[in-house]
Amino acid sequence: MYSDATTTDTLGKSQLHPIYISLGNIPIWRRNKADAKQLLGYLPILEAANSTERKSSAFKYLVQVNSVKIYERFREPNI
């Protein structure tokens, strides 16, 4: 599983963080092709109200906890 920021508009202002899954035992050059990975979903992007909030340890902790919880959710089996 991996995520990479992707720009979604022509002005470069909107971004999504898609989560992909791929097999680990295939060569990297092949793994990066569109047909060798599967989109699982998107990470929510937390936005700070200002630069002071964005630099705060509380906001950084919230971003980290959010990412971990999302990845844990995607790793749960779907029944």
Side-chain angles (χ1 to χ4, degrees):
M1 254 191 308
Y2 64 95
S3 178
D4 189 15
T6 302
T7 303
T8 58
D9 68 352
T10 56
L11 298 175
K13 294 183 178 183
S14 296
Q15 287 190 342
L16 293 173
H17 291 268
I19 298 175
Y20 295 100
I21 191 166
S22 178
L23 297 175
N25 63 348
I26 58 177
I28 291 176
W29 66 267
R30 181 70 188 138
R31 195 179 320 156
N32 291 332
K33 303 291 183 188
D35 62 346
K37 56 189 171 188
Q38 180 63 45
L39 177 65
L40 294 179
Y42 296 94
L43 283 175
I45 300 172
L46 302 179
E47 294 186 12
N50 53 47
S51 62
T52 304
E53 184 181 46
R54 184 174 41 252
K55 294 176 184 176
S56 72
S57 58
F59 183 76
K60 290 178 182 179
Y61 177 75
L62 182 60
V63 170
Q64 181 182 11
V65 168
N66 184 49
S67 296
V68 169
K69 287 185 182 276
I70 294 295
Y71 275 110
E72 286 174 351
R73 175 65 181 111
F74 278 116
R75 290 177 52 186
E76 291 177 4
N78 292 327
I79 299 175

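No experiment lies behind these values; they were computed from the predicted model shown.
Taking Ile, Leu, Val, Met, Phe, Trp and Tyr as hydrophobic and joining them when side-chain heavy atoms fall under 4.5 Å apart, one finds Val65 in a cluster with Tyr61.
A search for side-chain contact (heavy atoms from CB on, under 4.5 Å) contacts involving Asn50 returns Thr52, Glu53, not counting sequence neighbours. In this view, Leu62 and Leu46 satisfy the side-chain contact (heavy atoms from CB on, under 4.5 Å) rule, not counting sequence neighbours. Residues forming a salt bridge (Lys or Arg N to Asp or Glu O under 4.0 Å) with Arg54 (at least two apart in sequence, or on another chain): none.
The cluster map of Ile, Leu, Val, Met, Phe, Trp and Tyr, joined by side-chain heavy atoms under 4.5 Å apart, puts Leu40 and Ile70 in the same cluster. Cluster membership check: Tyr42 shares its hydrophobic cluster with Tyr20, using side-chain heavy-atom separations under 4.5 Å among Ile, Leu, Val, Met, Phe, Trp and Tyr.
Note: Ser22 OG to Arg30 CZ = 9.5 Å, rounded to the nearest 0.5 Å.
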